Amino acid sequence: MTGQMLTIEKLNSFYGRAHILFDVALEAARGEVVALLGRNGAGKSTTFRSIMGLVESRRGHIAFAGQDISRRPPHEIARLGLGYVPEDRRIFTDLTVMENLEVGRQPPRREGASWTPERLFALFPNLAEMRDRPGGRMSGGEQQMLTIARTLMGNPAMILLDEPSEGLAPRIIEMMAHAILELKKEGVTVILSEQNLHFASVVSDRAYVIEKGRIRYQGTMKELAADEDVRRAYLTL
Amino acid sequence: MAFYVAQFLSGLSQAASLFLVAAGLSIIFGVTRIVNFAHGSFYMLGAYLAYMMADMWSGAVGFWGAILLSALTVGLLGVAMEVLLLRRLYRSPELFQLLATFGVVLVVQDVALAIWGPEDLLGPRAPGLDGVVRIFGLPFPQYELFLIVLGPAVLGLLWLTFHRTRWGTLVRAATQDREMTAALGVNQTWLFTSVLFLGSALAGLGGALQIPREAVNLQMDINIVVEAFVVVVVGGMGSVTGAFLAALLIGQLQAFGILIFPGITLVLVFLVMAVVLVVRPYGLLGRAPATARGESHALEPPLYPAGRGLQFAGLALIVALIALPAVLGDYALVVLTEVLILALFAASLHFIMGPGGMISFGHAAYFGLGAYGAALLVEHFDAGMVTGLVVAPLAAGVGALLFGWFCVRLSGVYLAMLTLAFAQIVWSVAFQWYSVTGGDNGILGVWPAAWASPKWVFYYLTLVLCTGGVLLLRRIIFAPFGYALRAGRDSPLRSDAIGLDVTRYQWLAFTLAGTFAGLAGGLYAYAKGSVFPTLLDIPISVDGLVMVLLGGVQTLSGPIVGAAVFHGLETEMVRYTDYWRLLLGLTIILLVLVFPQGIVGALQSRLGARFSPRLREQVAR
Ligand SMILES: Nc1ncnc2c1ncn2[C@@H]1O[C@H](COP(=O)(O)OP(=O)(O)OP(=O)(O)O)[C@@H](O)[C@H]1O
Ligand SMILES: [Mg+2]
């Protein structure tokens, strides 16, 4: 099966009375890596949280793998094969690495990759040495790896990565890029939000630029790299 | 020596029972964040059910079967409560959850009364464990030894469940971050329901195991739930191991406290809790709650000074209250006087809960201090009513000043428990310092001065003082002090950063609230002509909470409406039915389900804030 993995049309989201997203439209094809770029407060995280059903009040059409998920609760969306890695990592600090992985575990799907802790330790070798360490006693980079590994335990067909490179050392960022490209090889669709244009351009095929809750630009990563004006208007500080 | 060993052992067996109940409470709180007042009721039901079943069946199989089956049955009742009630309240403010579970307490009280009657029921001995063993020559019941072993065994089983099963791992994950757990594909609905089963079953087991030890009666619920709260709070909310340690500590305190300070073990227990909470604000093994992940952050709506509509309504109300004695009989006047007093009491509680953001489970302390302040003057110094009414708020204010210093250092459930602890301390002093307070017999003959003794005169006196008090509290809420207080509630960090000393404002607010509650208490003493320790007891604190919550915490007129509705309901129900608790409980549950913002809160959003022009402008924009 080919075609669109995720289709979002006219997504509007609210926090209380504050209108945050305005008619956001976004698509990701199967196996694609798509970047969602924007400055602080542009609405990247809100977009992801809306897709996952974590924003109380959202309107619009969200289809994942051919199913309408715009009214489903978060756990059902996750079980359909949509993984979410939040920007602040949200490791279960009392639980060990292995237990964190256990929380994310879901039965294998008919198609797509099927992850085991051993396979994930191969992808993130740092984690292999700290299986029984509580999540609260890990460095930021290790936590970032764990949060991605935890989501992969659900064998998702697609994952939403919210600012995977944020606050990480260059060496760890490199590992992240490597991991994302590995996922792409496995056929996992990825949408990642970023402020780090360089990181995004290394891993993604296409990009959207969001500002003040509206999609302002979309195109291939190459086109964006060439478009000085868009970058200046929406991305650089 | 032998005696002390025996005492130590009985402390241990006491600890085991306490642990079972507290562990259940702690587990339920950990995942659902609901402080389940009904937990004690499940304990009581466990005891009644076990009594009933053990009575029907005989022999060892009958007895032990009864114990297990009643635990399971109570677990299922917990499931029913979760599915029918709690599930609808996970996003409500924690006070509403509390109120709802308190409604369940009332319902269970009357259901148990209807089924098993008011008498103490004595269960059978445990077959196979009905003998004694000699320890240093002194007889010690085998059954108690069994309980001593059971405690650690249950702790071990729980530990294994939480650390060696997928279910346990998911529960621990959800305890920390519900939203993330859901985003990983975990169905929380099911998880919460199963947690309620386990927690309630533990309470039921704890209750069932009491039948060979003590008589089953209708007072079991509140007693145990207060003790279990203490254990959970001392151990750290959500920590099962903490609950175990705390249960050991409290068990020993009770066992040896009786020797050293007979009669005031309760004070001792609460003092220890107060010390633990001041030294370790989140309990022995507890941790500061993570910033409430995955809970809805309902922002407190702003408060507005009375608009013209509300001012008019208030004026009309006062005029009506002034005119009423002309048409009302003495009985109605007495009820109305009480409503006025309760309105002031509720308004003072609202003052710390709404604008102050501090939940108090122990506001009765200040009501009672006021009442006792006046009554003791009458009793021992022959003081007049005016002196009494001056001293009442002062006495309560001093009490609140003292207790408040400790309380404002904590927040949330911990603060609430500490207020409860202080209230219970005051209660036990009043209850047990026989020579001064008359203990259980209370103090009689606290009558108004001769000029104020006609019912209508006392009514007007109450009207003036209570209206004045309520208006003054309102005035304070809209003074700079009130704004600072609300700023501290909504954003303690930022308030600190702009130089507001939040703790000090809260302390002052606590003291003020206590003072006005004391005035209400003083009036109440003269209205009734007597005071009893019950004025300081948990039900009064809870009545205050119910009144505030019925009216709506974030509305200013709420407490007054709440007091009127509550007292009216209670008075009417007591008149017409023996099962007023059942009715009241069901009413509370219904109100919480239908009006999650309280009556006035619901009216406000329904009417589009007709009473407040500024709010209307804001909505229109
Ligand atoms: N819980 C909330 N309540 C109200 N407003 C919010 C909430 N969370 C975010 N916002 C607002 O929504 C807008 C979008 O925020 P969002 O977190 O989606 O941005 P972002 O692009 O992820 O930014 P960043 O790069 O800083 O993570 C911001 O203006 C923010 O202030
Ligand atoms: Mg973000």
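Proteins get letters first, then strands, A, B, ... in listed order; numbering begins at 1 in each. Since we're looking at a predicted model, the values are computed, not measured.
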So how far is it from A/Ser193 OG to A/Gln195 CD, rounded to the nearest 0.5 Å?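 Answer rounded to 0.5 Å: 8.0 Å.
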Could you check which of A/Arg105, A/Met52, A/Met153 has the highest count of heavy-atom pairs closer than 4.5 Å to chain B?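 Heavy-atom pair counts peak at A/Arg105.
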Quick one: what part of [X] sits under 4.5 Å from any heavy atom of chain B, side chain, backbone, both or neither?
| X | answer |
| --- | --- |
| A/Glu102 | both |
| A/Ile91 | backbone |
| A/Leu54 | both |
| A/Thr96 | neither |

Between B/Gln97 (side chain) and B/Val35 (backbone), is there a donor-acceptor pair under 3.5 Å? no
Please answer whether the main-chain N or O of A/Pro156 pairs with a side-chain N or O of A/Arg109 as donor and acceptor at a distance below 3.5 Å. no
If you count heavy atoms of other groups shown closer than 6.0 angstrom to CZ of A/Arg137, is the number above 12?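 Result for CZ/A/Arg137: open.
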Heavy-atom count check: over 12 atoms from other residues, nucleotides or ligands less than 6.0 Å from B/Arg166 CZ?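 Yes, because the 6.0 Å sphere around CZ of B/Arg166 holds more than 12 heavy atoms from other groups.
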